[in-house]
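Report on the structure given below.
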Amino acid sequence: QLVEILKSDKEPVRVLPDYSVVSQVRKVWDFESSMYYKIQSTSGYNPILLNNYYRFIDLLNKNSSSSITKYNVEIPPPDPSSKDIDFLNAKYLLVDKNYDSIKDKSLDNYVLKNEGETYRLYENKNYLPRFFINCPQQDIQKAEVIDYQLNSIALKTNSICDGILSTSEVYYPGWKARIDNKNTYIFKSNTAFRTIYLPEGEHFVEFYYQPTIYYMGGFISVISLLTLTLLLKRK
């Protein structure tokens with residue numbers, strides 16, 4: 001039932017697991033369940049944790065120092081009362097019934113969506129779109145997602161003035177961007193995320209993953225193979 005609710009949402013949104021590695025909710029929804037069911041999450045278990053994203057969560061939780069000593073195989077559970085939860089495109093929060101900070105703090109921007117033996121699933125009414133335009137002359141405007149793949153994203157945008165296209169997509173080397181088929185620079189903003197400058201008017205925006213080091217590695221491998229082949233022929 002939980003999976004059906006989360007998979008029925010067709011727009012790009014995330015579920016936020018608000019519990020630790022010792023929680024009984026993991027028997028229902030483990031940290032890597034999102035990968036299996038292809039439902040995007042703000043967390044994960046024992047991955048290669050990106051330092052900039054981990055730092056963002058620490059700042060969200062108002063931790064003055066890294067919490068890696070306490071959470072060393074997982075992303076720390078973000079504080080649901082923080083407004084930065086909205087920025088993370090976290091439409092759904094999955095919490096442990098025994099440690100339900102949403103209920104304890106009476107947070108009125110969350111609506112109970114589903115409940116099980118060990119968990120509660122809340123819907124966040126104030127979550128922000130995955131991609132949105134910040135322009136001084138208008139309110140935050142959602143960018144239209146045309147195509148969303150693991151290594152490529154296509155968007156349509158329309159703005160009445162120059163501004164920025166903010167995203168909650170994590171900044172990582174190898175990601176590139178184009179506006180109307182012209183290359184543009186990706187800035188790292190809010191500690192850990194991709195942002196680009198967006199001129200006024202209607203535009204077609206593309207993000208695509210094309211790591212230079214991958215092609216360098218391939219080139220070195222081919223040269224090494226050719227060199228080895230020539231050496232073997234000589235012998």
Side-chain angles (χ1 to χ4, degrees), residues 9-16 34 39-44 49-63 75-76 78-93 109 123-213:
D9 203 320
K10 301 305 179 184
E11 64 175 319
V13 293
R14 297 188 179 96
V15 58
L16 187 154
S34 57
I39 298 169
Q40 295 198 17
S41 170
T42 62
S43 189
L49 302 176
L50 293 179
N51 181 65
N52 56 357
Y53 180 65
Y54 198 100
R55 175 62 178 156
F56 173 83
I57 300 297
D58 268 336
L59 290 171
L60 181 155
N61 290 332
K62 298 181 180 179
N63 294 329
I75 300 293
D79 178 6
S81 62
S82 171
K83 292 296 182 183
D84 292 318
I85 292 294
D86 304 336
F87 172 77
L88 280 177
N89 187 229
K91 183 176 180 179
Y92 301 102
L93 273 77
N109 58 306
E123 183 174 329
N124 178 13
K125 295 187 292 184
N126 297 337
Y127 79 99
L128 286 172
R130 184 74 59 88
F131 309 91
F132 59 91
I133 303 165
N134 276 318
C135 170
Q137 297 177 23
Q138 65 181 16
D139 295 331
I140 287 176
Q141 184 179 352
K142 180 180 178 180
E144 182 184 355
V145 180
I146 303 301
D147 186 48
Y148 189 99
Q149 304 295 331
L150 286 176
N151 295 326
S152 63
I153 302 165
L155 311 168
K156 274 187 179 179
T157 65
N158 190 5
S159 178
I160 62 173
C161 64
D162 295 345
I164 61 170
L165 176 65
S166 294
T167 83
S168 55
E169 296 285 332
V170 175
Y171 181 92
Y172 191 79
W175 277 97
K176 296 177 172 59
R178 289 190 291 251
I179 300 176
D180 300 328
N181 292 318
K182 294 180 181 178
N183 294 334
T184 190
Y185 185 77
I186 298 179
F187 297 90
K188 181 167 70 173
S189 66
N190 295 320
T191 305
F193 303 95
R194 290 175 238 156
T195 296
I196 63 171
Y197 168 75
L198 189 68
E200 67 172 300
E202 296 184 8
H203 298 286
F204 180 69
V205 178
E206 297 171 276
F207 291 95
Y208 58 100
Y209 186 60
Q210 195 177 78
T212 305
I213 195 168

Could you list all the disulfide (SG to SG under 2.5 Å) pairs where at least one residue sits in residues 127-179, not counting sequence neighbours?
C135-C161
Would you please name every residue forming a side-chain hydrogen bond (donor to acceptor under 3.5 Å, both in side chains) with D180, sequence neighbours left out?
H203
Within the 3.5 Å criterion, strictly below it, is a donor on D139 or Q141 matched to an acceptor on the partner's side chain?
no
Going by distance alone, is a donor N or O of one side chain under 3.5 Å from an acceptor N or O of the other, for N89 and S168?
no
What are the two closest heavy atoms between T184 and I179, and how far apart are they?
CG2-CG1, 3.9 Å
Spacing of OG1 belonging to T157 relative to CD1 belonging to I133, to within rounding of 0.5 Å
5.0 Å
Does E11 come within less than 4.0 Å of K142, counting only side-chain N to carboxylate O?
yes
Can you confirm whether the side chains of Y92 and R14 place a donor and an acceptor under 3.5 Å from each other?
no
Using the ring-ring contact (aromatic ring centres under 6.0 Å, His included) criterion, which residues pair with Y53? Sequence neighbours excluded.
none
Any salt bridge (charged side-chain N to carboxylate O under 4.0 Å, His left out) involving residues 148-163? Give me the pairs, sequence neighbours left out, ordered by first then second residue.
none
Summary of ring-ring contact (aromatic ring centres under 6.0 Å, His included) pairs that have at least one residue in residues 154-184, sequence neighbours excluded:
W175-Y209
Taking side chain to side chain contact (heavy atoms under 4.5 Å, CB included) as the definition, give me every residue that meets it alongside P80, ordered by chain and number, with sequence neighbours left out.
D18, L93, S101, I102, L107, Y110
Would you mind listing every salt bridge (charged side-chain N to carboxylate O under 4.0 Å, His left out) that reaches into residues 187-196, with sequence neighbours excluded?
E169-R194
List the residues meeting side chain to side chain contact (heavy atoms under 4.5 Å, CB included) with E202, not counting sequence neighbours, and say none if there are none.
N158
ring-ring contact (aromatic ring centres under 6.0 Å, His included) with F187: which residues, sequence neighbours excluded?
Y185
Going by ring-ring contact (aromatic ring centres under 6.0 Å, His included), name the residues that satisfy it together with F87, two or more places apart in sequence or in a different chain.
F193
Considering residues at least two apart in sequence or located in another chain, which fulfil the side chain to side chain contact (heavy atoms under 4.5 Å, CB included) criterion with N183?
R178, Y208
Residues forming a side chain to side chain contact (heavy atoms under 4.5 Å, CB included) with S34, sequence neighbours excluded:
W29, S41
